[in-house]
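The structure presented is a predicted model; accordingly, all values stated were derived computationally and were not measured. In listed order, ligands and their atoms are each counted from 1. Atom set for the values below is all heavy atoms of this structure, side chains included, hydrogens, waters and symmetry mates excluded. In this chain, residues are counted from 1 in sequence order.
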Amino acid sequence: MAEPKENVLMEKIVSLCKRRGFVYQSSEIYGGINGFWDYGPLGAELKRNVKDLWWREMVRLRDDVVGLEATIIMARQIWEASGHTKTFSDPMCDCLLTKKRFRADQIEAQSGIAYFYGGAVDESGAAHNVPYSVLVPAGKPPESARKTATQFYELRGIKVKSLEGERSEKAEQTTRYNPENGSLLSEARPFNLMLQTYVGPIQSEENIAYLRPETAQAIFAQFKNVLETSRQKVPFGIAQMGKAFRNEVTPRNFIFRSREFEQMELEFFIKPDEAIEAMTGTVATPGEGHPGEPQPDWGWQMWHKYWVEERIRFYEGIGLPRTTLEEYWQKPEELAHYARATVDILFKFPFGTQELEGIAARSDFDLSQHERFSGKAMGVFDEEVRTAWGKLDEEKKKALWQRYYDARFKYLTKSGVAPVHAEKDAKEDADGLAKGQYIPHVIEPSAGVDRLILALLANAFAEINEPDSKGKNETRVVMRFHPRVAPIKAAVLPLLKNKPELVAKADAIFKDLRQHMMAFYDDAGSIGRRYARQDEAGTPFCITVDFETLEGVKEINPETGEAVSNPEKKDTVTIRYRGNTDADNGKQERIAISELREWLLARIR
Ligand code: GAP
């Protein structure tokens, strides 16, 4: 099996996606729009499968998670409380020559000779003092720097007679220059990534609204409603999936980083560690591997580890082997200010190993913020904690009270509350814990649908070399999706399209299967071409209706050595399985039509 090179592989994937209808560029007929992608017929099915599997695993099969479907536009205060209005930004700078915009933290460091200019004198002899600088590779003549500088001044309307104050300096590993042309870049400034619109007929400051940059915040904002209407109690989770929008400075790598995308997020609410300790005497600490079924003595670290392992298990279950994934535990200096720990699940994309999903332990930051900003209580009352607290000895009570107080005081002061008020509020919070009241902490597994689609596409992509119908070797694409995610589960292929009995049989099978799964009927072209088309679409099962289906499977008569149809073995079909491992690739099996549906359902669930 050929192993395509990495960057070439991305090109092949993008081209297959367009050719077969997985993903198209948005607004392509008008030249496209950067950072936006549309899913075609196969892509839409693939995406639906991914989302359905996530929802099934995270919500339907669990007793402790419920769903939410909130709006994309929400009250503006939500983004003030969450910190997005102030801090959800990327550092950006512009090329002073071409105006091209760069993410300051993604500029490649370069070395060379930097030429500095104080300004330029125009043809009338007037001096224009506008400092500028150009980086050229060591050994390149100063003329190239002068040429760029002249262009820079002329773009500002100065008819350059001479450049002023040229001096040069060696520059090592600098990110201050445009790697494409050597021009100086502007200073980096924060650029807010939220996409903005107006709600109502007047485009005024007070009518500004944002398209949500993550689905998570609605979960926090609706926490109390869900708690009161779902009969859940902490620990429990609220899951949501849907569109999110970010005005990414550099959308790139196909659907990996786009401006409109989908997220699948779970906010799993847990008791603070002090409450766990009050109830069970200790807080369990994680070891290696999956920690198993949730236990009453689990604090945030165990829950965090549990969700990391559960999410990896999910990816394995849809065909991404553990060997394609990596866990990256963020270093303390990389953590968001509210996070106690964050694990990124990375996937080996063709362009490098990058984040597929983040799993953050967010403490009680989010609900606390919404409590402060909305003035509505976000805490819960927990009878078990109150009862357990009543049974503690005084020393333990004091120690746990103090720890909870310290944590609350730290959060409040970090959030800008004056220390005198923070002291009073933290004291009230710690007294509240003793009565069974607390603000739940949160573990957040947050995945991107589109990134997962790209990971599945990259993982499924394979090229095989096989002789075609004329015996000539040809290279063609086989998408080896796991049957659970494959866009089309089964293709029904009558051997010949001009044999009414074959067609009627195939049609009946197709009409039955499509009630239960995404099935496809294809009678055009040779059987080999039809298999090849389904290989590109990633269809795991091809069902061929042939003469043996009508007349019975051919068996060798031991006496004559002739192959004769056994009428008792009528109504069978050939299933060709294009699996996601070498072992099951291209396997064929003969199966009774009466068993077909169940046979397939057992393999696609
Ligand atoms: N609520 C937490 C949150 O939104 P994030 O790391 O910013 O965290 C979570 O985003 C996931 O959303 C990422 O792991 C990624 O899969 C996906 N994602 C984020 N930005 C994206 C973009 N511009 N394009 C596609 N997917 C994106």
Think R259 forms a cation-pi with F36, using NZ or CZ under 6.0 Å from the six-ring centre and within 45 degrees of its axis?
no
Check the angle between the aromatic planes of [X] and [Y] and answer parallel, tilted or perpendicular using the 30° and 60° thresholds.
{"X": "W303", "Y": "Y306", "answer": "perpendicular"}
{"X": "W329", "Y": "H304", "answer": "perpendicular"}
{"X": "F409", "Y": "Y405", "answer": "parallel"}

I need the Y315 OH to L325 CG distance, nearest 0.5 Å.
8.0 Å
The reported gap from OG1 in T175 to CD in Q106 (rounded to nearest 0.5 angstrom) is 12.0 Å
When you look at CZ of R60, are more than 12 heavy atoms from neighbouring residues, nucleotides or ligands closer to it than 6.0 Å?
no
Using a 4.0 Å cutoff against the non-hydrogen atoms of [X], which atoms of ligand 1 qualify?
{"X": "E265", "answer": "1 (N), 2 (C), 3 (C), 4 (O)"}
{"X": "E357", "answer": "14 (O)"}
{"X": "E355", "answer": "6 (O), 13 (C), 14 (O)"}
{"X": "E444", "answer": "1 (N), 2 (C)"}

Contact summary for L456 and V50, nearest pair of heavy atoms
CD1-CG2, 3.5 Å
For ligand 1, the portion of [X] having any non-hydrogen atom under 4.0 Å away:
{"X": "R257", "result": "both"}
{"X": "L356", "result": "backbone"}
{"X": "A216", "result": "side chain"}

Starting from [atom], what is the nearest protein heavy atom, named by residue and atom, and what distance separates them?
{"atom": "atom 25 (C) of ligand 1", "result": "F256 O, 3.1 Å"}
{"atom": "atom 18 (N) of ligand 1", "result": "F261 CE1, 3.5 Å"}
{"atom": "atom 24 (N) of ligand 1", "result": "S258 N, 3.0 Å"}
{"atom": "atom 17 (C) of ligand 1", "result": "G448 CA, 3.7 Å"}
{"atom": "atom 8 (O) of ligand 1", "result": "S446 OG, 3.9 Å"}
{"atom": "atom 19 (C) of ligand 1", "result": "R246 NH1, 3.4 Å"}

Is any NZ, NE, NH1 or NH2 atom of the basic residue among E310 and R313 found under 4.0 Å from an Asp or Glu carboxylate oxygen of the other?
yes
Shortest heavy-atom approach to atom 10 (O) of ligand 1 - which of E260, H84, Q263:
Q263
